[in-house]
Every structure is written in C-alpha cells, then in structure tokens.
Protein chains: 2
Amino acid sequence: MKARDTFKQLPHKTIERLSQYRRALLICLENNKDHIFSHEIAKIQHITPVQVRRDLMLIGYSGTLRKGYNIQELIDLIADIIDSDEGINVAIVGMGNLGRALINYFSGKRHKLSIVAGFDINPDKIGKKVNGISCYDSKSMGEIIKEKNIEIGIITTPSSHSMTTANQLVEAGIKGILNYTPKPVNVPDGVYLEEYDMITTLEKVAFYVKMENERAADSVVTRQDQGTAASDF
Amino acid sequence: MKARDTFKQLPHKTIERLSQYRRALLICLENNKDHIFSHEIAKIQHITPVQVRRDLMLIGYSGTLRKGYNIQELIDLIADIIDSDEGINVAIVGMGNLGRALINYFSGKRHKLSIVAGFDINPDKIGKKVNGISCYDSKSMGEIIKEKNIEIGIITTPSSHSMTTANQLVEAGIKGILNYTPKPVNVPDGVYLEEYDMITTLEKVAFYVKMENERAADSVVTRQDQGTAASDF
DNA sequence: TTTGCATTGTTATTAAATTAACAATGTTTA
DNA sequence: TAAACATTGTTAATTTAATAACAATGCAAA
Ligand SMILES: NC(=O)c1ccc[n+]([C@@H]2O[C@H](COP(=O)([O-])OP(=O)(O)OC[C@H]3O[C@@H](n4cnc5c(N)ncnc54)[C@H](O)[C@@H]3O)[C@@H](O)[C@H]2O)c1
Ligand SMILES: NC(=O)c1ccc[n+]([C@@H]2O[C@H](COP(=O)([O-])OP(=O)(O)OC[C@H]3O[C@@H](n4cnc5c(N)ncnc54)[C@H](O)[C@@H]3O)[C@@H](O)[C@H]2O)c1
C-alpha cells in the first residue's frame with residue numbers, strides 16, 4: 001500500500017484541520033518562527049493539543065521532543081497530502097457579488113488551486129474580466145472547461161439556477177462542485193459535492209446567542225427565587 | 001423543565017440541519033406543497049430519512065402516518081426553536097467585497113436576523129450606505145452597538161485586523177461573532193464564536209477530487225496489470 | 001549527576017453522530 | 001375483508017470523532 005493510500009482514510013475532520021493547520025503555520029512562518037508546539041497550534045485553532053498530535057500522528061509526522069514541529073516540514077507534508085502536484089483549476093459560475101468577491105479573494109493566493117474562468121448568462125458581464133479572470137458565456141461551459149482542464153466548479157448563481165448550473169457542470173465533466181447557493185443540488189456519484197451554507201452558520205450563532213440570553217435571564221429569575229426562599233426563614 | 005430547555009441539549013449538528021430543513025421547507029411551501037415526507041427532505045439535504053426523523057423526534061414534532069409532515073407547522077416549530085422572538089441585530093465589520101456581498105444578500109431576507117450596521121476604518125466608506133445600511137467609523141463601535149442593540153458581529157476585515165476587530169466587538173458587549181477571515185480569533189467565555197473558513201471547504205473539495213483522480217488512475221493500472229497477468233496463461 | 005519537567009506519541013476510553021432495525025399504524029389494493 | 005405496503009417513531013447498534021491517560025524521552029535546573 002502506497003503512503004498516499006493511507007491518506008485516503010484520513011477522517012474528514014482531519015482533512016479540514018490540516019487545511020487550517022497549514023494556514024496557521026504559514027502565518028507563523030511569516031513571523032520567522034521555525035518550530036511550533038502542539039499546544040500553540042491548538043490555541044490558534046480552538047482545539048486541544050491532543051487533537052493536533054493525533055492528527056499529526058495520522059499523517060505520520062513526528063516532531064522533536066521539547067522543540068515541537070518543524071513548521072516548514074509540516075507545511076510541505078500537508079501540501080503533499082491535500083494539494084495535487086499539478087494543481088487544480090477552478091471555475092466560478094455566476095459573476096455576481098459573491099462570485100466577484102471570491103475571485104478577488106483567491107487571485108494569486110494559492111498556487112495549487114487557481115480560479116481560471118468565470119461564467120455568467122448576463123450579456124453585460126460576458127467578455128469582461130474581473131481581476132484578470134475572463135467571464136465566459138455559460139453556454140460555452142462544456143468547451144471552456146475541457147479546454148482549460150477545469151476540475152472544480154463553484155456555484156454562485158441565484159439559487160433558482162443552482163440545479164441547472166450543477167447539471168451543466170456535471171455535463172461538462174467537472175469532478176467537484178462547491179455550491180454557495182442556499183438551494184442544495186444533486187449530482188451523480190463520482191462528483192464530489194460540498195454544500196456551503198452561509199445562512200446556516202449565522203443562524204447557528206444566533207441560536208447559541210439566544211440560548212445564552214435565556215440562560216442569563218433564567219439565572220436572574222433563579223437568584224430572585226432563592227432570595228425569596230431565603231427570606232422565608 | 002421548560003420545553004425550550006430541552007432544545008439547549010439539541011446536538012449541534014441537529015441545529016445546523018434544522019436551519020437547512022427550514023430553508024428547504026420554505027421552498028416547498030412556495031411550490032404550494034403542504035406536506036412532505038422524511039425521505040423528500042432527506043433527498044434535498046443529501047442525508048438519510050432516518051436522520052430527518054430522528055431530528056424531528058428530538059424537537060418533538062410528529063407527522064402524520066402516510067401523509068408526512070405539515071410543512072407550515074414544521075417551519076413554525078423550527079422558528080420557535082432557533083429564532084428569538086424579538087429578533088437579533090447584526091453588524092458587519094469590514095465593508096469590503098465580502099462585507100458588501102453579505103449585506104446585499106441578507107437585506108430583507110430574514111425577519112429575525114437583520115444586519116443593521118456596518119463598520120470600517122476607511123474614510124471613503126464611512127458615512128456611505130450600502131443597500132440601506134449605514135457604514136460607521138469603527139471607532140464608534142462601542143456606542144453604535146449598544147445604541148442599536150446589536151448582538152452578533154460578522155468580521156470581514158482583512159485577516160490582519162481580525163483579532164483587533166474581535167476585541168473591539170467583545171469590548172462593545174457583543175454576544176456572538178462570526179469570523180469570515182482565515183485568521184482565527186480568540187474571545188472570552190460567554191461569547192459564542194464561529195470561525196467560517198471558505199478556503200478550507202475549497203481545499204477539502206480539491207482533496208477529494210485529487211483522491212478520486214488517483215483512484216481512477218490506480219484502477220487503470222490495476223486493469224492493465226490484470227490484463228498482463230491474464231495473458232500469462 | 002540526578003531530579004523534575006515539558007513535550008511528544010500512542011493506546012484506551014468516552015462522547016457524539018449516524019445508521020440500522022423494527023414495531024406500530026393506518027391506507028390501499030386485491 | 002384481508003394482505004401488502006408505506007411511512008412514522010423509537011430503541012439499539014455501529015461508526016466516527018474527541019478526550020483522557022500515560023509511557024517515553026531528553027532538556028534544564030538543582
Ligand atoms: N452575496 C453573498 O454574500 C451571499 C452569501 C451567501 C450565499 N449567497 C448566494 O450566492 C448566490 C449569488 O449571490 P450574489 O449576491 O452574488 O448574487 P448576484 O445576483 O449578485 O449574482 C448572481 C450572478 O449570477 C448570474 N447568473 C444568473 N443565472 C445564471 C446562470 N444560469 N448561469 C450563470 N450565471 C448566472 C447573474 O447574471 C449574476 O451575475 C446566491 O444564490 C446567493 O443566495 C450569496
Ligand atoms: N472576498 C471573499 O470572497 C472572501 C472569501 C473568504 C474570506 N474572505 C476574507 O474576508 C475578509 C475580507 O475580504 P474582502 O475581499 O472583503 O476584503 P476587502 O479588502 O475588500 O475588504 C476589507 C475591508 O475592511 C476594511 N477594514 C480594514 N481594517 C479594518 C478595521 N480594523 N476595522 C474595520 N474595517 C477595516 C477595509 O477598509 C475594507 O473596506 C478577508 O479577511 C478575507 O480573507 C474573503
């Protein structure tokens with residue numbers, strides 16, 4: 001069994017954390033650090049040091065006792081695991097507010113993951129460039145995606161068009177889809193799909209804020225109750 | 001124990017799914033459906049019907065045998081659980097590409113969750129409005145947040161400023177923070193924090209696409225190997 | 001030099017989340 | 001009317017993820 005085969009069995013959560021560790025490590029590297037302890041990584045990511053060590057164990061990386069992990073080595077290893085050697089090309093479908101924000105954001109950030117095309121149906125947008133990325137007519141998706149060897153599609157159309165767009169992407173031979181619209185899509189087996197839902201996260205925060213508010217309100221009531229009870233004596 | 005107390009113990013994942021169920025249900029309602037089966041919800045959300053039924057069991061909702069769940073009722077119940085009666089006010093800090101996209105997106109969508117202010121440090125942005133939302137100077141965060149009773153802050157500043165911003169928000173008495181920058185922040189206990197990392201998700205998609213590519217490549221090799229082996233006979 | 005200590009790496013345990021199993025029930029069909 | 005069926009609701013089992021426990025190691029201080 002090849003080393004990379006063991007990576008296939010990494011827990012999904014570990015994959016996510018590796019991406020996050022790398023981000024933290026890159027920042028540390030900029031600050032001229034060369035080694036880092038598990039508890040330092042843990043602090044940054046709001047997790048436990050054990051979790052960090054366990055993840056690193058799973059990818060077979062060893063640190064140095066009392067010195068920690070070599071940052072550059074670890075970055076390289078993570079790259080080995082999650083990046084693909086040749087890089088992966090990405091397209092954005094729907095060059096609206098979010099699509100453009102994403103393009104601006106990603107431009108020239110990651111070597112191995114590059115947005116190389118945008119698609120839209122609005123004639124005003126087709127043919128224009130955003131941050132150096134051309135916007136093509138959605139109708140030409142099939143050709144462009146093959147021509148530019150695009151493997152991942154990001155959907156940022158209005159949600160009413162998410163399914164059509166997913167179908168077009170699948171038809172064009174895409175391998176992975178990241179759907180930012182709040183309307184989930186269906187794709188056949190073999191196409192990796194991630195639904196990325198911004199409202200859910202905000203609603204989750206709101207829920208726990210609400211819970212905390214109620215807890216606080218309750219504990220005031222409880223304190224009053226106790227007070228009354230005490231005055232009975 | 002009040003009914004809402006049982007909700008405090010709902011699994012985190014269930015909270016997330018409730019938000020997603022509601023979204024799906026609202027769409028179904030628009031299409032003039034009035035009832036829905038667990039397997040229909042499941043299909044939309046790419047999960048199993050059992051998961052749906054289990055979640056609904058946890059929130060104590062019962063459907064009708066062979067008829068499914070009453071969509072409106074379920075929407076209302078979910079609202080009871082995750083929304084707060086009075087609504088929650090939200091602020092965006094960092095009125096850049098992402099901040100503006102979020103404002104455009106949220107404007108007039110959810111009653112119970114409204115973005116009511118933006119903050120920035122760029123004089124060109126301060127005093128302007130985006131989609132009806134005023135942009136204030138970050139310096140006045142303390143006052144405005146109290147004045148407008150804002151409980152949740154969304155951070156969309158450059159990542160170099162995420163920690164400063166989080167501190168300002170905490171200082172101003174915010175209850176929950178949603179951090180969209182790739183640089184995690186630290187907040188004291190009692191402030192609910194969610195780190196929302198867009199790169200991680202894309203990198204995750206890329207990882208599984210890569211795995212699939214390698215699997216496909218391997219299986220070609222395997223097939224050739226088998227071919228060779230067979231021709232030995 | 002020795003003792004204590006910080007830190008890693010790994011196994012064991014616990015907790016959280018998902019899935020499976022199946023009884024209950026009322027509807028439809030034969 | 002009876003048999004088959006679709007669907008819910010719930011408990012049990014399984015899987016996945018996180019945490020705890022602790023041995024091993026070698027540096028630092030005494
Ligand atoms: N803006 C946000 O912050 C935000 C946040 C979360 C989710 N979303 C979701 O992202 C999606 C886009 O949001 P937005 O604010 O950028 O909307 P937008 O209206 O600004 O942009 C949508 C773009 O998609 C194009 N489009 C429409 N139909 C298309 C099709 N069939 N093929 C290709 N392009 C098509 C439009 O011409 C437009 O340029 C929406 O589904 C929204 O719900 C947005
Ligand atoms: N654009 C995206 O699609 C995207 C995606 C994922 C993550 N992000 C993250 O979101 C953040 C914002 O991205 P963007 O593309 O909108 O950047 P941007 O540069 O367009 O916007 C940043 C805004 O923050 C303001 N700002 C700077 N310092 C501030 C401070 N201390 N207080 C208040 N405001 C301040 C700037 O004036 C600017 O208006 C970044 O951290 C980025 O990494 C962006």
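Quick note on labels: first sequence line is chain A, next is B, and so on, each numbered from 1.
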Are side-chain N/O atoms of [X] and [Y] paired as donor and acceptor at under 3.5 Å?
X        : Y        : value
B:Thr181 : B:Ser159 : no
B:Tyr21  : B:Asp55  : yes
A:Glu151 : B:Asn213 : yes

> Looking at C:dT8, does its base get a donor-acceptor pair with the side chain of A:Arg66 below 3.5 Å?
Replying inline: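 Flag unset: no donor-acceptor pair detected.
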>> Suppose we call a contact any N or O donor and acceptor under 3.5 Å apart; does that hold for the side chain of B:Arg53 and the base of D:dT10?
In response: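 Counting by modelled atom types and ignoring angles, no donor-acceptor contact under 3.5 Å is found here.
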> Closest nucleotide of DNA chain D for A:Leu65 versus for B:Met57: which of these residues is on the 5' side?
Replying inline: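 Counting from the 5' end, the first nearest nucleotide belongs to B:Met57.
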> Taking for each residue the nucleotide of DNA chain D bearing the nearest heavy atom, is the 5' side occupied by B:Val50 or by A:Arg17?
Replying inline: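 The residue closer to the strand's 5' end, by nearest nucleotide, is B:Val50.
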Separation of [X] atom [atom1] from [N] atom [atom2], in whole Å?
X       : N      : atom1 : atom2 : result
A:Leu10 : D:dA17 : CG    : P     : 11 Å
A:His39 : C:dC5  : NE2   : P     : 17 Å
B:Ile41 : D:dT8  : CD1   : P     : 9 Å
A:Gln9  : D:dT16 : CD    : C1'   : 14 Å
B:Arg54 : D:dA12 : CZ    : P     : 11 Å
B:Lys67 : D:dG9  : NZ    : C1'   : 18 Å
B:Glu16 : C:dT18 : CD    : C1'   : 14 Å
B:Phe37 : D:dA6  : CZ    : C1'   : 8 Å

> Relative to the ring of B:Tyr192, is the ring of A:Tyr208 parallel (under 30°), tilted (30 to 60°) or perpendicular (over 60°)?
Replying inline: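 Judged by the thresholds at 30° and 60°, the geometry between A:Tyr208 and B:Tyr192 is parallel.
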> If you look at every strand shown and take non-hydrogen atoms under 4.0 Å, does A:Ser38 touch a base, only sugar-phosphate, or nothing?
Replying inline: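 Contact class for A:Ser38: sugar-phosphate only.
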> Roughly how far apart are B:Met211 CE and A:Gln9 CD, rounded to 0.5 Å?
Replying inline: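 One finds 10.5 Å between CE of B:Met211 and CD of A:Gln9.
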>> Of the listed nucleotides (D:dT19, C:dT8, D:dT10), which one gets closest to any side-chain atom of A:Thr48?
In response: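 Closest nucleotide to the A:Thr48 side chain: D:dT19.
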